[in-house]
2 protein chains.
Amino acid sequence: MSEAEQESRSEGRRKLSRGARQAQLIEATIATLARHGYARTTMGEVARTAGLSHGLVNFHFETKEKLLSTTLVYLSDEYRESWQSALEAAPPDAPDQIAAFLRADFDPKICTPEKLSAWGSFWGEAQTRPMYQEHCSANDLYYTSTIEALCQRMNDEHGYTSDAILTARVLRVVTEGLWRDLMSMTEPYERDEALATVWICAAAFYPRHFGPEGLLRA
Amino acid sequence: MSEAEQESRSEGRRKLSRGARQAQLIEATIATLARHGYARTTMGEVARTAGLSHGLVNFHFETKEKLLSTTLVYLSDEYRESWQSALEAAPPDAPDQIAAFLRADFDPKICTPEKLSAWGSFWGEAQTRPMYQEHCSANDLYYTSTIEALCQRMNDEHGYTSDAILTARVLRVVTEGLWRDLMSMTEPYERDEALATVWICAAAFYPRHFGPEGLLRA
DNA sequence: TCATTTTGATTGACAGTTCAATCAGAATTC
DNA sequence: GAATTCTGATTGAACTGTCAATCAAAATGA
């Protein structure tokens, strides 16, 4: 709220471009979801967080439903783009790709308490509302098939024999579960310790290529 | 709803004992959470599901908050009692104990779609409300320290060398993550396949004692 | 009878939505 | 370059529906 007021007052600009204002409201929605949870996220609270009026949220997003689904798409796409670019930047070898893939989930830009908490709010409601599946199932399926393909390559190219589908599932749910630990504020460990947990899991399945510190050798 | 109506009509009993009526309302709350999610769980919907009037819910639980926290405690205690009795029934050897512990999470009595979905609703709101922590943190800490102790025994008694705390964390979050997969109805796999995933994870950490089918030998 | 349980109408608060009025900045005109 | 018009972003009050909570009356069982 204070930043938004500062912005509009100090710059003397009461009007922002459509895109900038919508981005500001999406940020405010993420913050509100993180602070109050899905059930107690109201249009009024989002507007107050952004330092703007109640009616403006409806002007830009028409309905609460659209505000929330837009926010979800924003988070989902940001996440997909993050791990996609991590894969592109990494060497093409399967171990390097897996290391980059797993590390991307704990990137400081993605893995913030606020964003994790907002994700958690959506997951809780996702089961019973079509919204989540409509907007995220494509990204989720893409994520799953990518890690499955990488695990298959570890078998084909590096002589491992574990079931690729099940191994990929373990790596995926470990990451999800660590996110859940990180977002519940009572848990007393941080991103680096979560990543260490991922590495010992990768080391358990691929002991010739991973160790407690991550990828072995160079 | 239909069962509840049948019960009260066919038996000719409009009055049930306090405990029985409260248990019925808790069941209806679980069903409503599973069907509609936390945000859309209303007193009226719970009452309708139970085939009773909504005034009665307030008579027995005073507030919505108390109804929900009582339901949460019910689920949490049922879960703890389930894995505790599984441990007591199993042989005292560490591998047997771990096998029983992991299998207990997928017991058909605990691991129903309805109950998993209700858990998911609570998790989504848990971050922002003290309710969850107040009522479940003791059970959760107990669960965590139990699996940590078992992993430590695998090291001490059976010559494994992995970090017990981190290994226990992997086993815990894999179970949680598989629950999440099972409760999202789009996922096309069942309890037995989830359990198979747990076994290959256990086999990765403890290859001399676990295989794809679970505990090795007898 | 008397206590307990159950009902359903009522109340008050609150949240989402709508809308008419306002206002700042851009475009246009002279 | 100044005055005017236009655009669309912004506000806040009013409307509407919903939900939790209350309560008086009815039903039930001992």
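Computed from a prediction, not measured in an experiment: that's the story for all the values here. Keep in mind that the numbers below use all heavy atoms, side chains included, and drop hydrogens, waters and symmetry copies. To find a chain, count down the sequence lines: A is the first, B the second, and so on, and within it residues start at 1.
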Tell me which residues in residues 118-126 of chain B put a heavy atom below 4.0 Å from DNA chain C, sorted by number, or none.
none
Tell me which residues in residues 25-33 of chain A lie within less than 4.0 Å of DNA chain C, going by non-hydrogen atoms.
none
Before giving the answer on side-chain contact (heavy atoms from CB on, under 4.5 Å), spell out for T167(B) and M154(B) the whole-Å C-alpha distance, their side-chain angles and the decisive distance to 0.1 Å.
CA-CA 11 Å; T167(B) 305; M154(B) 289 299 283; over 6 Å; no
Under the side-chain contact (heavy atoms from CB on, under 4.5 Å) test, which residues partner [X], sequence neighbours left out?
X: Q22(A); answer: R18(A), H60(A), F61(A)
X: A20(B); answer: L16(B), S17(B)
X: E78(A); answer: Y74(A), L75(A), K109(A), I110(A), K115(A)
X: A126(B); answer: Y132(B)

Take the protein atom [atom1] of [X] and the nucleotide atom [atom2] of [N], then report the distance between them rounded to whole Å.
X: R48(B); N: dT18(D); atom1: CZ; atom2: P; answer: 11 Å
X: Q22(B); N: dT4(C); atom1: CD; atom2: P; answer: 15 Å
X: E45(A); N: dC14(C); atom1: CD; atom2: C1'; answer: 14 Å
X: M43(B); N: dA21(D); atom1: CE; atom2: P; answer: 5 Å
X: R40(A); N: dC14(C); atom1: CZ; atom2: P; answer: 12 Å

Salt bridge (Lys or Arg N to Asp or Glu O under 4.0 Å) involving [X] - partner list, sequence neighbours excluded:
X: R103(A); result: none
X: D77(B); result: R80(B)
X: E134(A); result: none
X: E176(B); result: R180(A), R172(B)

With the threshold set at under 4.0 Å for non-hydrogen atoms, list the residues of residues 53-62 of chain B touching DNA chain D in residue-number order.
H54(B), N58(B)
Short side-chain N/O contact to dT6(C) OP1/OP2 from R21(B), under 4.0 Å:
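For dT6(C), OP1 or OP2 has a side-chain N or O of R21(B) closer than 4.0 Å.
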Under the ring-ring contact (aromatic ring centres under 6.0 Å, His included) test, residues paired with Y143(B) that sit two or more places apart
Y79(B), W83(B), F101(B)
Nearest to the side chain of K64(B), heavy atoms from C-beta on, is which of dT10(D), dA20(D), dT7(C)?
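Closest nucleotide among those given: dA20(D).
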Applying side-chain contact (heavy atoms from CB on, under 4.5 Å), run through H36(B) and T128(A) and close with a yes or a no.
CA-CA 6 Å; H36(B) 298 94; T128(A) 53; 5.5 Å; no
